[in-house]
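In what follows, every heavy atom counts, from backbone to side chain, and hydrogens, waters and symmetry copies are set aside.
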Amino acid sequence: MTRSTVDFHFDPMCPFAYQTSVWLRDVRAQLGITVNWRFFSLEEVNRFEGKKHPWEREWSYGWSLMRIGATLRRHSMDALDTWYARVGEALHMRGEKPHDPSAARRLLDNPRVFDEAIADPTTHDEVRADHQRVIDAGGFGVPTLFFADGQTLFGPVLVDPPRGEEALKLWNVVTGMADLPHVYELQRPKAQADQELIARTLQPYLSGRDWVSVNRGEIIDFSGGTA
């Protein structure tokens, strides 16, 4: 089956989603596929009982950034595309803090977008709708991929995204799995060397984050925000 369009749900705070987005951008450059960027909130899915929902806070790390992303997406998907790459590089490659409001403003070509996004309550609704789409499909984290025929996959989870021919090889694996709707899970055990590679790759993210990681299962999700 030809798969020329994919919806990619991400939380800008997640290092694994960012690494997968790097791979997917490489695939797009080679094959000309269309990538639609969509949202998912790790703050919400990992929220503990009694803690405010991210939309109930004045500023919430990933959620508020995604409200900015939603505003940019209303202008164009390309604007969101460029912004996500910029935010991802800042946190996950350089250990900066794009989730700080002043930094979030600086990362915008037009800082007025920051005020527009935060002042508009409908940006909450837009992020929440994307998040709920993943939940309704049985999803639980990012990256989550949706294909045009309704097939949904979690992953691939990457720390060293392949490029060139290797990127296309992985694309064939992913789309091949999507063509087999009753194949539910394929996972590689993590040996000590794998754990060490992951730790090294996450160092910039660990330097930049201002929140505690929440580990629910073998894949680590990340949440944060001001209470």
So OG1 of Thr201 and CG of Leu158: to nearest 0.5 Å the spacing works out to 10.5 Å
Asp26: what forms a side chain to side chain donor-acceptor pair (under 3.5 Å) with it, not counting sequence neighbours?
Gln30
Any pair counted as salt bridge (charged side-chain N to carboxylate O under 4.0 Å, His left out), so long as it reaches residues 194-207, sequence neighbours left out
none
Report the distance from atom CG of Leu145 to atom CE of Met177, rounding to the nearest 0.5 Å.
11.0 Å
Looking at His92 and Pro12, would you say the former's side chain and the latter's main chain have a donor-acceptor pair under 3.5 Å?
yes
Whether the side chain of Lys97 engages the backbone of Gly208 through a donor-acceptor N/O pair (distance < 3.5 Å, no angle test) should be reported.
yes
Determine whether Pro156 and Val174 make a side-chain contact, defined as any pair of heavy atoms from C-beta on separated by less than 4.5 Å.
yes
Test item: Arg57 side-chain N/O and Lys52 main-chain N/O as donor-acceptor pair under 3.5 Å:
yes
Please say whether the positively charged group of Arg128, taken as NZ for Lys or CZ for Arg, lies over the ring of Trp55, i.e. under 6.0 angstrom from the six-membered ring centre and within 45 degrees of the axis.
yes
Roughly how far, to the nearest 0.5 Å, is NE2 of His53 from NE2 of His124?
12.5 Å
Close side-chain approach of Thr144 to Leu153, heavy-atom, < 4.5 Å:
no
May I ask you to check whether over 12 heavy atoms, not counting those of Met93, lie within 6.0 Å of atom CE?
no
How about Gln195: does its CD atom have over 12 heavy atoms from other parts shown lying under 6.0 Å from it?
yes
Can you list everything that forms a side chain to side chain contact (heavy atoms under 4.5 Å, CB included) with Arg28? Sequence neighbours excluded, please.
Arg25, Ile33, Val35, Trp37, Asp81
Under 3.5 Å, is there a donor-acceptor pair between the side chain of Gln19 and the main chain of Val157?
no
Give me each pair satisfying side-chain hydrogen bond (donor to acceptor under 3.5 Å, both in side chains) with a member in residues 131-141, each pair once, sequence neighbours excluded.
Asp7-Arg133, His9-Arg133, Gln132-Asp136
Between Thr5 and Ala148, is there a donor-acceptor pair closer than 3.5 Å when you use the side chain of the first and the backbone of the second?
no
Does Glu116 offer a backbone N or O that forms a donor-acceptor pair with the side chain of Asp120 under 3.5 Å?
no
Hey, does the side chain of Trp83 reach the backbone of Leu72 with a donor-acceptor pair shorter than 3.5 angstrom?
no
Over all heavy atoms of both residues, which pair between Ile135 and Gly139 is shortest? Give the atoms and the distance, please.
CD1-O, 3.8 Å
Do Phe146 and Phe8 come within less than 4.5 Å of each other through their side chains, counting heavy atoms only?
no
Can you check whether Ala79's main-chain N or O pairs, donor with acceptor, with Thr82's side chain at less than 3.5 Å?
no
Are there more than 12 heavy atoms of other residues, nucleotides or ligands under 6.0 Å from atom CG of Leu180?
yes
Taking all atoms of both residues into account, what is the closest heavy-atom pair of Ala70 and Glu126, and its distance?
O-OE2, 3.6 Å
Going by ring-ring contact (aromatic ring centres under 6.0 Å, His included), name the pairs with one or both residues in residues 162-192, residues two or more places apart or in two chains.
none
Would you say the side chains of Arg67 and Thr122 form a donor-acceptor pair under 3.5 Å?
no
Please check: side-chain N/O of Ser76 versus main-chain N/O of Arg73, any donor-acceptor pairing under 3.5 Å?
no
Measure from the side-chain N and O atoms of Ser41 to the backbone N and O of Glu44, and report whether any donor-acceptor pair falls under 3.5 Å.
yes
Under the side chain to side chain contact (heavy atoms under 4.5 Å, CB included) rule, collect the residues that match up with Ala117, sequence neighbours excluded.
Ile68, Thr71
Look up atom CE in Met13 and atom CG in Leu65, then write down how far apart they are to the nearest 0.5 Å.
4.5 Å
